[in-house]
Amino acid sequence: MITTGLTPIITEHWDKPDLYTIEGYRRVGGYQGLATAMKMDPDAIIGQIKDSGLRGRGGAGFPTGMKWGFVPQNDGKPHYLVVNADESEPGACKDIPIMLANPHALVEGVIITSYAIRASHAFIYIRGEVPHAIRKVANAVAEARAAGLIGDNILGSGFSLDVVVHSGAGAYICGEETALLDSLEGYRGQPRLKPPFPAVAGLYASPTVINNVETIANIPYILDRGVPWFRQFGTEKSPGFKVFAISGHVVHPGIYEAPLGITMRELLEYAGGIRGGGEVKFWLPGGSSVPMLTAEHLDIPLTYEDMAAAGTMLGTGTPMLFDNTVSVVKAVTRWLDFYKHESCGKCTPCREGTYWITGVLEKFEHGRGTAAEVDTLVNLCSQIAGRSFCALGDAAATPYPAALKYFRAEFEAATSTSADEQFNPVASYVFAEAATR
Amino acid sequence: MTITSDAGSDLTPQVEMVTVVVDGVAIEIPKGTLVIRAAELLGIEIPRFCDHPLLEPVAACRMCLVDIEGVPKPQPACAQVVSEGMQVRTQLTSPVARDAQEGVMEFLLLNHPLDCPVCDKGGECPLQNQAMTAGRPESRFDEVKRTFPKPINVSAQILLDRERCVSCARCTRFAEQIAGDPMLELLERGANQQVGTAVDQPFDSYFSGNTVQICPVGALTSAAYRFRSRPFDLVSVPTTCEHCASGCSLRTDHRRGTVTRRLAWDEPAVNEEWNCDKGRFAFTYQEQGRVTTPLIREDGQLRVASWPEALDFAARGLSAASSHGVLVGGRSTVEDSYAYARFARVALKTDNIDFRVRDSSDEEAQFLRSAVAGTAVRTTYETLEQAPVVLLIAFEPEDESPIVFLRLRKAARGGTRVYAVGPVATRGLAKLSGTLIPAKPGAEPAVLAELAEQVRAELQAPGAVIMVGERIAGIQGGATAVLQLAQATGAALTWVPRRAGERGALDAGALAGLLPGGRPLTEDSARAAVAAAWGVDSLPATVGLAGAELLAAARDGAIGALITGGVELGDLADQSLGRAGLEAAGFVVALENHHSAITELADVVFPVAVVTEKAGTFMNWEGRPRPFAQTFKDALVMSDAVVLGMLAKAMNIAVGASDVAGIRQELGALGAWTGPRAERPNVPAGPVAEGAHLVATWRALIDNGVMQEGEPYLAATAHLVAATVSATTAGALGNPESVTVTGPLGSVTVPLEIGAVIDGVVCLPLNSPGCVLYRDLGVRSGQAVTIKGAL
C-alpha cells in the first residue's frame with residue numbers, strides 16, 4: 001500500500017492549459033470511465049465503489065458506496081444526485097481548484113454516479129462567491145451535453161440525464177447537506193430534521209445522494225482503472241488518494257495530491273517547510289472545524305482512522321499550518337467570529353452560544369478576559385457540542401477546547417495582555433518579512 | 001387512550017403498541033408517538049418552546065433534550081419517536097438531560113430582555129415559567145445583549161418585539177402549516193435571526209391572532225390587548241364564539257366588567273386550539289351603542305319607559321293586532337330562538353316566523369325543513385378530516401366558516417380532494433389545493449346535473465361530503481340540484497350557515513312550517529305533541545309566511561304586528577322591502593341590544609343581553625350543541641327568552657319556561673322527530689342572467705359586519721376590497737387600475753384585480769368598506785352589472 005510520495009491523479013494534467021475543455025480532458029483519457037460504466041449494470045457500479053472503499057471527501061468520510069446503496073430502488077420515485085460544491089470551510093480550498101482545473105472529472109463522475117443510482121436529474125450546487133468556478137463547470141456541462149454525454153440516451157445506453165449547475169447565495173450552512181437541499185429547493189438554507197435521511201426523502205422528498213466534488217471526481221478514475229489500482233493507495237480503512245490543499249505559513253502553499261496515510265511532515269517537506277525555517281506552532285488537518293494539533297503530531301498518518309485516534313479529524317484534508325508568530329487566541333476568535341456569522345439561527349445552542357463565546361473571546365483578544373472565563377468557555381462549548389441541531393454547532397464548539405488543551409497559558413495571559421501585545425500581528429502576515437525589513 | 005379490540009371491524013385501525021420506559025416508568029403506547037408525548041402521558045413535563053402538538057416537529061429550541069440509552073448525544077424529545085424498549089431519562093433522572101436543558105435555558109435568556117414587569121406575557125409566559133424550573137439562579141452572561149428597535153407591525157393587528165423572540169418558529173410554522181398564509185418568515189441568520197414579513201405583504205391572515213396565543217414569549221402581541229392588563233388580574237370564562245356557525249370554544253377574559261381579550265380554547269372535536277381573528281378580536285361591539293332601557297314610541301318619538309309600562313304597551317299593541325309576524329335575526333341562541341318559535345305559535349297564534357333575515361327562498365325553506373332540521377349529526381369536523389373528497393357549493397369556507405376552512409386544510413394536507421362549484425377559484429380554495437368546477441352564478445344547478453363522471457364517482461366513495469352554504473338560497477334550483485346529487489351519489493350533505501344562530505334556530509322551530517326538533521307543522525301528530533308540550537289545545541295548522549313573502553305581506557298591510565329579535569336591516573338583499581315592511585306593519589316590537597335602523601322604526605324597543613350577559617347554546621353547522629355560561633354573572637340585562645316570557649305574561653298568556661335550564665329541559669323532553677319529514681323541494685334551475693358582467697359575491701370574514709364595530713386594528717387586516725375579474729375580462733376593459741361598477745341603485749369604484757374568475761363574472765365583496773352591494777348597487781349574486789374603467 002502506497003502511503004508516501006505525491007500521486008497526482010485528479011491533478012495529474014493540471015499543467016495542460018486546455019484540461020478544462022472536453023478535448024483536453026479526452027486527450028488525457030477522460031470519459032473512459034464513463035464508457036466503461038455505461039456497459040455495466042448500475043448495481044455493479046455501486047458494488048465496485050463499495051469494494052473500492054472510497055470515503056466521502058467532504059469531511060465526514062462516510063463510505064460512498066454504502067451511501068449510494070441506501071437509495072431505495074424501484075420505489076417509483078425520481079432519484080436525484082446533488083453535488084455539494086459549496087466549499088466554504090475556513091482553510092478548505094480543494095473543490096474549487098478541482099472545478100477550475102479539471103471540471104470534466106466532476107462532470108464525468110456525475111454522469112456515472114447518476115447512472116448508478118438511477119437518477120435522471122443531477123444538481124451541482126456551487127458556492128455563489130466563486131463565479132469563475134461556476135462558469136467553468138457550466139461550460140463543462142454544456143460541452144458534455146453537446147457531445148451527447150448529457151441528455152437523452154447517453155452513449156446509446158438508454159440512460160438519460162439532465163445536469164443543472166446551481167449557484168448558492170453565500171451561506172456556510174448551505175454546505176450542510178440538508179440545508180443545501182432546502183436552498184436548492186428555493187427555501188432559506190437551514191438544516192432539516194433527520195430522519196428522514198436524504199437517501200430516502202431528500203430533494204423534493206425523493207431519494208437523493210449528496211456527494212462532495214472531490215468524491216465524485218474520484219469516480220471516473222476508479223471505473224477506468226479498477227478497484228485494485230485504487231486500493232493500492234492509502235490504507236485499509238482509508239484507501240485512495242487525496243487532494244491536500246496546504247495553506248498557512250508554508251513556503252509553497254498549494255495543492256498536493258498524495259495517498260492517504262502520508263504524514264503532515266512529508267507533505268510539509270513538499271511544501272517547502274515553514275517559512276524562514278520556522279517551526280509549526282499548531283496545525284489543523286482539515287479546516288477550522290477539526291481540533292488543532294501541534295508539531296508533535298506531524299508524524300501521524302493523514303487517514304480518517306489515525307486522525308480520529310489523535311483526537312481530531314481528517315475533515316476536508318486541507319491542512320492549515322501556523323508558525324510561532326501566531327496568537328492562538330486571535331486565531332480561535334477569528335474562527336468563532338466566522339461561526340457566529342454563519343450560524344443559521346435555527347437552534348438555540350449554536351445561535352446563542354456562538355454569540356456569547358465570540359463576545360468573551362473578543363475580550364480575551366484585547367487582554368480583558370478573566371481567569372474564570374477561561375473555564376466558563378469550556379463549559380459553554382460543552383453546552384453546544386452534541387446539543388445543536390446540526391454539525392455547525394459541533395464545529396463551532398471545537399476550536400476553543402482544542403486550543404486550550406495545548407495553549408492554556410496563552411489564554412490565561414490574555415486576561416491581562418492583549419493578543420497583539422503577546423504576538424506582534426505584523427510578524428504573522430504572509431508579507432511579514434517584507435514588512436519588517 | 002381507548003383502543004377498541006372489536007374483532008372484524010375494519011374501521012378500527014390496528015395500532016402497533018410499543019413499551020418504553022421514561023424515568024424508570026414503563027408505558028405502552030402506539031408506535032410512532034413522540035417521546036415528549038409519551039412523557040406527558042406519564043405526567044412528566046419536559047420543558048419545551050418550539051414543540052406544539054398541532055405543528056410538525058422542528059427540534060429547533062433544543063429545550064426538550066433528554067437522555068436516551070444507547071444514544072451518545074441527548075436527543076430532542078419533541079422530534080424523537082419511541083421505539084420498543086427505549087429507555088428515556090428526562091431532567092428528573094438524568095444529569096445529562098438536566099445539564100443540557102439548563103444550558104439551553106441559559107442560552108435562551110442571553111438575548112432575552114429582562115422586561116417581564118412590562119411584558120404582556122408576564123404571568124402566563126412559558127419562558128418565565130421554565131426559567132424558574134430549568135434556569136440558573138444567576139446568569140453568567142456579562143456581554144452586551146442584542147437589541148432591536150421595537151416593536152414592529154407585522155400587520156395592523158399583530159406587533160412584534162423582536163428582542164423577546166426565542167426563534168421557536170411556532171408562528172411561522174402556524175402560518176405556513178395551519179393557516180396556509182406563509183407571510184411570516186424567519187429572516188437573517190444567527191443571533192440576528194428574526195421573524196418578519198415581506199416589505200409590502202403584511203401578515204393579513206384571518207388567523208393571525210393564533211400566533212400571539214402560541215408564542216411562548218411576549219414577542220407577538222395584539223394591538224387590541226397590548227398593555228391592557230396582567231393575566232393574573234383577569235377572570236377567565238369558557239365561552240362559545242357568537243360570530244359564525246363554526247362553534248369555536250373560546251376563553252373570555254374580563255376585568256372590572258369589561259372583556260379584555262378572547263382566546264381560542266382547547267376543543268379537539270371542533271376548533272382544536274385555533275380560532276379566527278374575528279372570533280378573537282371582535283367583541284368591542286358588546287359595549288357600544290347599547291339599548292339600555294325599554295323605549296316606547298309616543299307622538300312619533302321614542303322615549304325611555306319603565307319595564308312595566310313598556311311591557312303593557314307592547315302587550316296591548318300585540319293583542320290588538322289580528323295578524324302577526326316574527327323575525328329572528330339568525331344570531332340568537334338556541335334557547336332564545338326556541339322562545340321566539342314558541343311565542344309565535346302560543347302567544348301570537350301565528351306560523352309567520354323566519355330566522356332567515358337575509359337572502360332566502362321558499363326552495364331553501366323546503367330544503368331546510370326536509371333535509372337539515374332536526375337531522376342526526378352525520379358530518380363532523382372529524383369526518384371532514386377523513387373524507388376522501390369534499391364538494392363545496394355556494395360556500396367559501398375561509399370567509400364564511402373559517403374553522404371549517406382550517407379543518408378542510410388539514411384534511412387536504414392529508415390527501416382529501418376538494419372541489420368547489422362556482423365562478424371563482426378563491427384564495428381559500430387554492431390553499432386547499434382545491435379544484436374549481438366552473439359555473440357562472442346561477443348556472444350551478446345545471447353544472448351539478450352534468451357533473452363529470454369522475455367527480456360523481458369520487459362522491460360515491462364512503463365518507464364523501466357535500467357542503468352547501470347559505471348562499472344556495474340565492475340560486476334558483478340550487479338546493480334541489482344539491483339534494484339530487486347527494487341522493488344519487490350517497491355523499492353526506494351538510495348545510496353550513498354563516499351565522500351562529502341559524503342552525504339552532506332551525507332546530508328550535510323558528511321557521512314557518514317547522515316545529516322544534518325538525519317536526520313538520522303539517523304533520524298532525526307532530527303538531528299535537530308540541531301543543532301538548534306547550535300546554536295549548538292546538539297550534540296553527542297552516543304553514544305561515546316566511547322570508548320575502550312575510551315582508552311583502554307586511555308592506556301590503558297584511559301584518560298587524562311584527563316582533564323582531566336581533567334583526568339588521570342591512571342583511572336584507574332588498575332593503576327597501578324590509579324598510580317598507582317595517583314601516584307598514586301596524587305595530588313593531590323590537591328586542592335589540594343595539595340601536596339600529598330597526599329600533600328607529602319600532603314602536604317598542606326592549607333591551608336584551610349580548611352573549612356575555614347570558615347563558616345559552618349555539619348549535620354549530622355540525623348540529624353540535626355548543627353551550628356556554630354567562631360571563632358577567634351580575635349582568636342585569638335579560639335574554640330575549642326572558643323578555644318574551646314577561647311579554648307573554650303581560651298578555652296573560654302562559655308560554656312555559658323562559659330560563660335557560662327550563663328551555664333546555666323542554667327541548668330535551670320534546671326530543672328528535674322520527675316521523676315523516678317535510679317534502680323536498682323540486683324547483684327547476686333558473687335562467688342565468690343576461691349581461692356582460694355577472695356578480696359573484698359573498699361576505700368577507702372581516703367586513704362591515706355590525707358585530708365587528710369598534711375594532712379598528714381588526715378592520716385594518718381585512719383583505720383588499722377590489723373587483724376581481726379574469727385576465728380576459730380585464731383586458732376587454734382595457735386593464736384599468738380601478739373600475740366603477742354600476743347596478744340599479746348606484747355605483748362603487750374599487751381597484752381592479754385579476755384573479756381566477758371565469759370570464760364574464762366580476763367578484764365583489766358583499767358588505768365591505770366602500771363596496772356594500774345591497775345598499776350601493778342593489779344587486780345580489782348572479783345579477784348583471786356594468787363595469788367601466790375608472791379614471
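Proteins get letters first, then strands, A, B, ... in listed order; numbering begins at 1 in each. The structure displayed is predicted, hence computed values, not measured ones.
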(message) Under the side-chain hydrogen bond (donor to acceptor under 3.5 Å, both in side chains) test against A/Tyr172, which residue among A/Arg127, A/Glu89, A/Glu342 passes?
(response) A/Glu89
(message) I need the residue from A/Gln190, A/Lys340, A/Lys346 with the largest number of non-hydrogen atom pairs under 4.5 Å to chain B.
(response) A/Lys346
(message) At a heavy-atom distance under 4.5 Å, which candidate from A/Asn379, A/Leu380, A/Thr376, A/Thr348 has the highest pair count against chain B?
(response) A/Thr348
(message) With a 4.5 angstrom heavy-atom cut-off, is it the side chain or the backbone of B/Val144 that approaches chain A, or both, or neither?
(response) backbone
(request) Answer whether the closest heavy-atom distance between the side chains of B/Val217 and B/Lys121 falls below 4.5 Å. (result) no
(message) Report which part of B/Glu188 has an atom under 4.5 Å of a heavy atom belonging to chain A: side chain, backbone, both, or neither.
(response) backbone
(message) Heavy-atom cut-off 4.5 Å, strictly under: side chain, backbone, both or neither for B/Leu186 against chain A?
(response) both
(request) Look at A/Pro191, A/Gly359, A/Pro349 and state which one has the largest set of heavy-atom pairs under 4.5 Å with chain B. (result) A/Pro349
(request) Please state whether the side chain, the backbone, both or neither of B/Asp99 comes within less than 4.5 Å of a heavy atom of chain A. (result) both
(message) Check this for me: does any side-chain nitrogen of one of A/Glu373 and A/Arg368 sit under 4.0 Å from a carboxylate oxygen of the other?
(response) no
(message) So for B/Val96, is it side chain, backbone, both, or neither that comes closer than 4.5 Å to the heavy atoms of chain A?
(response) both
(message) Quick check on B/Leu65 against chain A: is it the side chain, the backbone, both or neither that has a heavy atom closer than 4.5 Å?
(response) side chain
(request) Take the angle between the ring planes of A/Phe70 and A/Phe62 and call it parallel below 30°, perpendicular above 60°, tilted in between. (result) tilted
(message) Please tell me whether B/Thr197 and B/Glu185 have a donor and an acceptor in their side chains that are separated by less than 3.5 angstrom.
(response) no
